[in-house]
Amino acid sequence: MESLSQQNTVKEDGGRVFLKRHLGFFDSVCFLAGTIIGAGIFVSPKGVLEFSQLNVGVALCIWAACGVVCIMCCLCYAELGTSLPFAGGEYYHVKRGLGPLPAFITIWTLMLLIRPSSNAARALIFAEYISRPFYSGCPPPDLLKKILALGILWVLCIINSKSIKIATWVQNIFTLLKMMSLTLIIVYGLIELGSNPKASEPFKNAFDSEVPNAAQTAESFF
């Protein structure tokens with residue numbers, strides 16, 4: 001255990017101990033892209049359209065607003081990362097701005113609630129993807145999806161604890177597959193719009209459907 005710790009740390013000037021930098025530029029880009037574009041991107045369009053009361057115009061406006069919010073968040077994190085390039089992420093930023101107690105609460109909230117629930121949601125979505133081909137015409141059993149999700153989380157936990165390089169390789173592969181899938185969907189959609197006249201009919205009267213109320217709009221945005 002001690003040798004593993006020594007392999008992952010390095011001493012720089014002043015005798016301070018730092019983690020070794022195992023991630024390169026491509027690995028970092030894949031990590032950020034995989035984090036920002038979550039697995040829910042393949043199921044979110046359905047929920048957005050349903051909560052928008054099948055109003056295509058409102059749904060597209062909500063997507064545009066979400067894009068603006070995401071860009072603003074990315075710019076904020078980019079400014080924080082370049083202005084305060086220290087280890088700790090949100091913990092250091094909150095500690096620097098608000099003090100140690102809010103930072104302590106933030107990091108424990110992330111560790112016990114936000115990150116685990118987010119990982120569980122992603123694992124369930126992935127389990128839905130890999131089990132659905134075996135249940136054509138009906139949804140997969142919930143118990144099966146939960147068992148698969150637990151198995152996925154255990155495998156990823158073991159990979160991340162054993163080797164950073166293997167975990168990075170897995171992250172890069174799945175990020176590339178995700179981006180390729182999204183690219184194929186976008187290209188096919190553009191081809192369909194250009195070749196099939198019926199495909200553009202929902203956009204002709206995009207705002208004619210029922211307009212969602214404030215609660216439905218908030219749910220669609222979320």
Side-chain angles (χ1 to χ4, degrees), residues 26 28-82 90 110 113-115 117-133 135-140 142 145 149 152 171-222:
F26 179 75
S28 301
V29 171
C30 287
F31 176 79
L32 290 174
T35 303
I36 295 171
I37 306 174
I41 189 65
F42 298 105
V43 295
S44 295
K46 177 183 176 182
V48 172
L49 194 58
E50 287 180 350
F51 287 117
S52 300
Q53 302 299 299
L54 302 181
N55 192 314
V56 177
V58 173
L60 292 176
C61 290
I62 290 173
W63 275 106
C66 290
V68 172
V69 172
C70 288
I71 292 174
M72 292 172 62
C73 292
C74 291
L75 292 175
C76 289
Y77 268 94
E79 183 178 2
L80 286 171
T82 53
E90 292 96 337
L110 286 171
L113 297 175
I114 298 177
R115 296 287 167 76
S117 60
S118 176
N119 291 335
R122 292 170 182 165
L124 285 170
I125 292 173
F126 187 72
E128 172 83 19
Y129 292 158
I130 61 177
S131 60
R132 183 169 288 276
Y135 291 88
S136 58
C138 62
D142 290 337
K145 291 189 290 186
I152 293 167
Q171 173 73 38
N172 294 347
I173 292 296
F174 278 96
T175 300
L176 290 175
L177 290 174
K178 189 189 304 180
M179 298 304 296
M180 289 172 59
S181 301
L182 288 175
T183 303
L184 289 174
I185 293 173
I186 293 171
V187 171
Y188 178 78
L190 292 175
I191 294 174
E192 188 71 13
L193 282 174
S195 60
N196 187 1
K198 294 183 178 180
S200 59
E201 289 182 359
F203 299 98
K204 295 180 180 179
N205 300 308
F207 292 93
D208 287 352
S209 301
E210 181 182 354
V211 178
N213 55 37
Q216 292 167 336
T217 302
E219 287 182 292
S220 181
F221 194 94
F222 180 77

query = Which distance, rounded to the nearest 0.5 Å, do you find between the CD1 of I125 and the CD1 of I130?
reply = 12.5 Å
inquiry  = Using every non-hydrogen atom in the two residues, find where I152 and A123 come nearest and quote the distance to one decimal.
reply    = CD1-O, 4.1 Å
inquiry  = Please report the interatomic distance OG(S195) to CG(L190), rounded to the nearest 0.5 Å.
reply    = 10.5 Å
task = List in chain and number order the residues that pass side-chain hydrogen bond (donor to acceptor under 3.5 Å, both in side chains) with T175, two or more places apart in sequence or in another chain; answer none if no residue qualifies.
result = Q171
key: Residues in side-chain hydrogen bond (donor to acceptor under 3.5 Å, both in side chains) contact with Y77, at least two apart in sequence or another chain   = E90
Spacing of CG belonging to L49 relative to OG belonging to S44, to within rounding of 0.5 Å = 12.5 Å
message = Return the CG to OG distance between L113 and S118, rounded to the nearest 0.5 Å.
response = 12.5 Å
ask   = For N213, what residues pass the side-chain contact (heavy atoms from CB on, under 4.5 Å) criterion, not counting sequence neighbours?
value = A215, Q216
query = To the nearest 0.5 Å, how far apart are CG in L124 and NZ in K145?
reply = 7.5 Å
note = When rounded to the nearest 0.5 Å, the distance separating CH2 of W63 from SG of C70 is 9.0 Å
query = Considering residues at least two apart in sequence or located in another chain, which fulfil the side-chain contact (heavy atoms from CB on, under 4.5 Å) criterion with E50?
reply = K46
ask   = Can any side-chain N or O of S52 pair as donor or acceptor with the backbone N or O of V48 at less than 3.5 Å?
value = yes
query = Residues in side-chain hydrogen bond (donor to acceptor under 3.5 Å, both in side chains) with N55, at least two apart?
reply = none
inquiry  = If the condition is side-chain contact (heavy atoms from CB on, under 4.5 Å), which residues does F221 pass it with, not counting sequence neighbours?
reply    = I62, A65, C66, V69
Residues which pass side-chain contact (heavy atoms from CB on, under 4.5 Å) with K198, listed by chain and number, not counting sequence neighbours = N196, E201
